[in-house]
Amino acid sequence: MSNKRVVFPFAEAGMGHIIPMRGIADAFEHNYGDRVDCLRSRFFTESGNESLKAFEERMCNSVERQNKDRSFGFFMTDSMNFWGARISTRSSARYLKSGAFEAAVLHMDELEPDVVISTHWSTNYFACKCNRKPATVLYCPDPRTYPLYNYPCDLFVIPSRIGYAEAIKKYRRRFNKNNALYVPYPIRREAYDVCPDKEALRAKLGIDNRFTALLAEGGYGIGKMSKICRLAIERDLPVNIIAVCGKNEELYKELSAIETVGKCRLIPIGFTNKMLDYIAASDLFCGKSGANIFAEACFFGVPQIATNYSSGVEQLNGEYYVNMVKSALKIFDPEDVVNKISQFADGSSEYDALLYSARSLRSDYGADSCAEIIFNWLLSHGKL
């Protein structure tokens with residue numbers, strides 16, 4: 001008898017969906033590859049269907065627009081909250097691009113899944129609608145849930161205890177202790193291999209051993225980074241500023257053209273596979289409150305400054321780390337951000353408190369533990 005097939009459909013709509021999927025898929029393949037057949041799918045591009053490609057492109061454009069225009073991001077979130085899970089999910093999945101729904105359902109059937117594990121709401125929806133009717137596992141990448149992630153699935157998992165308790169209480173008709181679970185954040189396996197000696201890691205990366213602030217605005221590099229960098233240079237702060245521009249080549253070229261001759265060292269970085277190293281080498285993270293980057297910063301004990309909420313979803317993320325974890329501050333004005341970097345570089349009891357809170361979350365991580373919880377649930381419920 002052949003093994004059951006577990007499909008991991010990747011969706012390009014920000015790294016917050018891709019990175020946890022990699023962690024879960026890696027753990028499944030490593031720990032259960034002899035018991036299940038694992039298939040990674042570039043769901044929207046691998047078939048060559050133009051409607052599916054356009055659907056994914058529209059999702060990317062929406063993320064970029066939210067980062068550029070907060071009013072659009074909050075309008076989108078408010079609309080989802082108003083219409084609720086079923087209507088919001090159905091309208092987004094069926095009408096974002098003509099022909100994409102039919103192509104997506106067809107392609108999901110072509111993959112012949114027995115189980116579909118999604119970190120994006122759309123692939124969960126398409127799995128629910130395809131003829132094979134595989135078991136569906138939906139991982140919410142954020143610490144708090146919202147309508148597109150409250151659509152029915154066989155198992156809902158979320159990487160925060162607060163978000164889990166909230167989902168059970170707020171959406172009691174959909175979630176209960178049998179079909180919703182808290183899981184550790186599925187940090188990538190390579191995170192445990194990052195050099196724990198900050199000084200040695202900086203030497204490896206070619207960074208001076210002094211206070212280092214990491215700036216990032218998500219995979220598309222849209223935000224307040226340029227302004228913060230220029231202000232830090234104007235004030236000649238005696239710090240390293242690592243500016244990760246992601247896929248924003250224009251921003252990378254702009255920052256690379258800046259010459260620093262004083263005490264402040266600007267280090268522009270394009271899209272990189274060494275993001276975990278740069279986070280671990282830093283003393284402070286500054287950027288928009290994406291769930292993935294804040295979670296990884298806490299894993300390495302790096303406090304955060306949320307410089308932007310591009311949508312209601314990111315506001316929930318930011319509030320979680322500011323008010324509940326207490327590892328972050330909310331500072332939207334670039335001048336105030338630079339003031340805080342300067343203060344923290346000089347030594348601060350406020351920084352020490354943030355540092356303690358960030359480090360306290362370390363035990364709530366592990367892709368292996370996350371995959372084990374999902375695998376055991378599927379096994380105990382006859383899905384594998």
Side-chain angles (χ1 to χ4, degrees), residues 16 19-20 23 140-145 158-166 182-188 191-192 194-199 201-202 210-218 228 239-240 242 244 275-309 313-333 336-367 369-370:
I19 288 176
C140 178
D142 302 289
R144 310 277 295 280
T145 189
I158 187 168
S160 87
R161 292 181 173 86
I162 292 170
Y164 167 71
E166 184 179 59
Y182 158 75
V183 294
Y185 179 82
I187 190 93
R188 290 172 277 174
Y192 293 93
V194 172
C195 177
D197 185 326
K198 197 180 290 283
E199 184 176 349
L201 182 56
R202 287 175 178 170
R210 54 178 173 162
F211 192 89
T212 300
L214 174 70
L215 276 56
E217 299 287 352
I228 294 171
V239 301
N240 296 317
I242 303 174
V244 180
M275 193 64 184
L276 293 174
D277 288 337
Y278 284 111
I279 296 172
S282 302
D283 298 295
L284 179 69
F285 169 78
C286 305
K288 77 186 187 81
S289 54
N292 182 68
I293 192 69
F294 271 47
E296 291 182 336
C298 277
F299 178 81
F300 292 111
V302 176
Q304 311 98 46
I305 293 178
T307 61
N308 186 36
Y309 298 158
V313 174
E314 288 195 356
Q315 182 175 2
L316 289 175
N317 294 342
E319 289 175 350
Y320 173 72
Y321 286 97
V322 172
N323 300 323
M324 299 174 189
V325 179
K326 299 187 183 301
S327 64
L329 300 176
K330 170 191 168 186
I331 307 177
F332 285 2
D333 183 84
D336 292 339
V337 172
V338 174
N339 288 339
K340 192 60 68 174
I341 293 173
S342 178
Q343 177 189 332
F344 285 173
D346 288 337
S348 163
S349 58
E350 182 181 30
Y351 176 83
D352 292 340
L354 296 171
L355 184 65
Y356 176 83
S357 296
R359 289 173 173 171
S360 69
L361 210 63
R362 179 70 182 247
S363 62
D364 290 353
Y365 289 82
S369 298
C370 176

Distance col, row E296:CD vs I279:CD1, nearest 0.5 angstrom, shows 4.5 Å
What about F285 and Y278, are their ring centers closer than 6.0 Å? no
Heavy-atom nearest pair, T145 first then C140, reads CA-SG, 4.2 Å
For the student: nearest non-hydrogen atoms of A367 and I187, plus distance: CB-O, 3.4 Å
Which value, rounded to the nearest 0.5 Å, describes the distance between K288 atom NZ and N317 atom CG? 8.5 Å
What one should report as the nearest heavy-atom pair of S327 and Q304 is OG-OE1, 2.8 Å
Closest approach of A281 and T212, non-hydrogen atoms and distance? O-CB, 4.1 Å
Just jot down the ring-ring contact (aromatic ring centres under 6.0 Å, His included) partners of Y356, sequence neighbours excluded, or say none. none
Show the numbers, then the answer: is there a side chain to side chain contact (heavy atoms under 4.5 Å, CB included) between E350 and L329? CA-CA 10 Å; E350 182 181 30; L329 300 176; 3.7 Å; yes
If you compare all heavy atoms of I341 against all heavy atoms of C286, which two are closest, and at what distance to 0.1 Å? CD1-SG, 4.2 Å
Heavy-atom count check: over 12 atoms from other residues, nucleotides or ligands less than 6.0 Å from Q343 CD? yes
Could you go step by step and tell me if Y320 and D142 meet the side chain to side chain contact (heavy atoms under 4.5 Å, CB included) rule? CA-CA 10 Å; Y320 173 72; D142 302 289; over 6 Å; no
Side-chain donor-acceptor pair present, N292, Y185, cut-off under 3.5 Å: yes
Roughly how far, to the nearest 0.5 Å, is CG of L201 from CG of L276? 10.5 Å
List the atom of V322, the atom of K330, and the distance in Å for their closest heavy-atom pair. CG2-N, 4.0 Å
